[in-house]
Asker: 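Sharing a structure with you now.
So you know, we letter chains A, B, ... as the sequences are listed, proteins then strands, and number each from 1. Because the structure is a prediction, the values reported are computed rather than measured.
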Protein chains: 2
Amino acid sequence: MSDNNSFAYAAVREAISEQIQHGKLAENQPLAAERDLCEQFQVSRSTLRQALSQLENMGLIYRKNRSGWYVCPRKLRYEPTRHVSFLDYAVAQGFTPTTRLLSVQKIKAGAKLSQLMELDGRSTVTALTRLRAVDGRPVLMEQIYFNQRHFPGLEKQDLSLSINAMLKNHYHHHALSTQISIESCCLFTPAAAHLGVNDGALGLKVQRTLRNAEGEIIEFDEELWRHDALVVENHAHIQM
Amino acid sequence: MSDNNSFAYAAVREAISEQIQHGKLAENQPLAAERDLCEQFQVSRSTLRQALSQLENMGLIYRKNRSGWYVCPRKLRYEPTRHVSFLDYAVAQGFTPTTRLLSVQKIKAGAKLSQLMELDGRSTVTALTRLRAVDGRPVLMEQIYFNQRHFPGLEKQDLSLSINAMLKNHYHHHALSTQISIESCCLFTPAAAHLGVNDGALGLKVQRTLRNAEGEIIEFDEELWRHDALVVENHAHIQM
DNA sequence: AAGTGGTCTAGACCACGCC
DNA sequence: GCGTGGTCTAGACCACTTT
């Protein structure tokens, strides 16, 4: 409608998009089956799927396993620089968040990780993998790497809880600096499998480096998000 | 290879991906024609294009007009919170940036914009549209809205230059706060056309609200980026 | 067992860029 | 005018989910 784009897939995209945005389909409700939509819009299945893919990229619909297409719930607003727990954030926005610890290992830092964490080649780090969901829908897989030197007795902590609270209350890290990067990416195994998306699906990668008051890296963190699940936010004061 | 994914498109994707990452294809070099790649990998054109689309989502290749597929140049690192000019940023990273002013208009703020900028319904704002390129490749289209009340004589300024410098030197705004949001999006006309991407291509949307020392919104800014052109960065100090 | 999306083929025609 | 990618069709079979 607003587009002067006269292709078949664009027409289908606009039609479904309007149905969603005018509230005819509620959050997490399924669309009709692909073959039914084909007939409804009189297009072939590949054209229909091109339209659905664009709606997926727009963050309006998502797929679940092989069971169908569903209307996306609203996005989570997330502020990675502020050291407030993911759980508090999500709850404040009316979501029900959960965290599942997938694995904990002590590993030797490889070349890449050593560079990222400014370690020498012989260091070992504790690697955490966690999966976080809102309202039962997994939205991010995160890998956290702790510099062992700064986290004695880490294995005794409950690592499915807030890392921030642990940093503050148990390890007394109060003054920290963060360095964050955000970029578009593709999700593959194993992240794709855990998030319930297709291999090669669109994602958002958020990396975070945490330094203590002395400038040493105490933690490195990589979050792989469903692209349709979040808006990254940041508040800052600046002197020009 | 690292994937246990045995689909044809995945094999093609991995093969091309390795060629690029092992440096057999340089930045901005074209791939072979789609029909040639089909023959080379013994797959149909739609399978081949599925592989190419994923490589595009991974930020490894991009398309230019209808002329072919090319290897992506490295990404620009960009820190929207820091009030350093885009041009300085790009130059420091070895790029050649350019800015083109597309339009300047005084408009009445509609409902949406009034809400975003906390204006009453009768306010007028100055709307700027600019297109920014690095090394000749357009990477973002931005809309900037100035609250007129804080920018007397704006029409006399050169609006293709740094807005930051203008804020500081001409309008003497020194203490500011920013509020930024970043999310995945789809690019449509007119942004898609200006960026030389297909309608419905993947993008990254960066929105910024600028407030003066009194907390009033003086500027609102929406940047639509090619998804493969940037890594958003942020540095912050925090007290827990 | 039936229904769903996921993968894949072998064509076709078109709009546009480039020569 | 030829070659490119962009759109589109009408099938097919498979893996998985749901009933």
Asker: Ignoring hydrogens and geometry beyond distance, is a side-chain donor-acceptor pair present between B:Glu233 and A:Ser181 at under 3.5 Å?
Answerer: no
Asker: May I have the distance from A:Ile61 (atom CD1) to C:dG5 (atom P), rounded to whole angstrom?
Answerer: 11 Å
Asker: Given C:dT7, D:dT9, D:dT17, identify the nucleotide with an atom nearest to the side chain of A:Thr47.
Answerer: D:dT9
Asker: Strictly below 4.0 Å: does B:Tyr9 bring a side-chain N or O up to OP1 or OP2 of C:dC8?
Answerer: no
Asker: If you take atom types as modelled and just measure distance, does the side chain of B:Arg35 reach the base of D:dG3 with a donor-acceptor pair under 3.5 Å?
Answerer: no
Asker: Considering only D:dT9, C:dG6, D:dG6, which nucleotide approaches the side chain of B:Arg66 most closely?
Answerer: D:dG6
Asker: Among D:dT7, C:dT7, C:dG5, which nucleotide has an atom closest to any side-chain atom of A:Gln50?
Answerer: D:dT7
Asker: Without hydrogens or angle criteria, can the side chains of A:Arg130 and A:Thr99 be said to hold a donor-acceptor pair below 3.5 Å?
Answerer: no
Asker: Could you tell me the separation between the CG atom of B:Asn65 and the P atom of C:dC18, rounded to a whole number of Å?
Answerer: 6 Å
Asker: Contact class for A:Arg45 (heavy atom, under 4.0 Å): base, sugar-phosphate, or nothing?
Answerer: base
Asker: With the side chain of B:Trp69 defined as its heavy atoms from C-beta on, choose the nearest nucleotide among D:dG6, C:dT7, C:dG6.
Answerer: D:dG6
Asker: Do the numbers put A:Arg74 on top of the ring of A:Phe95, so that NZ or CZ is under 6.0 Å from the six-membered ring centre and no more than 45° off the axis?
Answerer: yes
Asker: How would you list all residue pairs meeting ring-ring contact (aromatic ring centres under 6.0 Å, His included) that involve residues 42-69 of chain A, not counting sequence neighbours?
Answerer: A:Tyr62-A:Tyr70
Asker: Among the nucleotides D:dC8, D:dG6, C:dG5, which one has an atom lying closest to any side-chain atom of B:Glu34?
Answerer: D:dG6
Asker: Distance check needed: D:dT7 C1' versus A:Arg49 CZ, whole Å only.
Answerer: 16 Å
Asker: I want to confirm an ordering. Mapping A:Lys64 and A:Gln42 to their closest nucleotides on DNA chain D, which one lands closer to the 5' end?
Answerer: A:Gln42
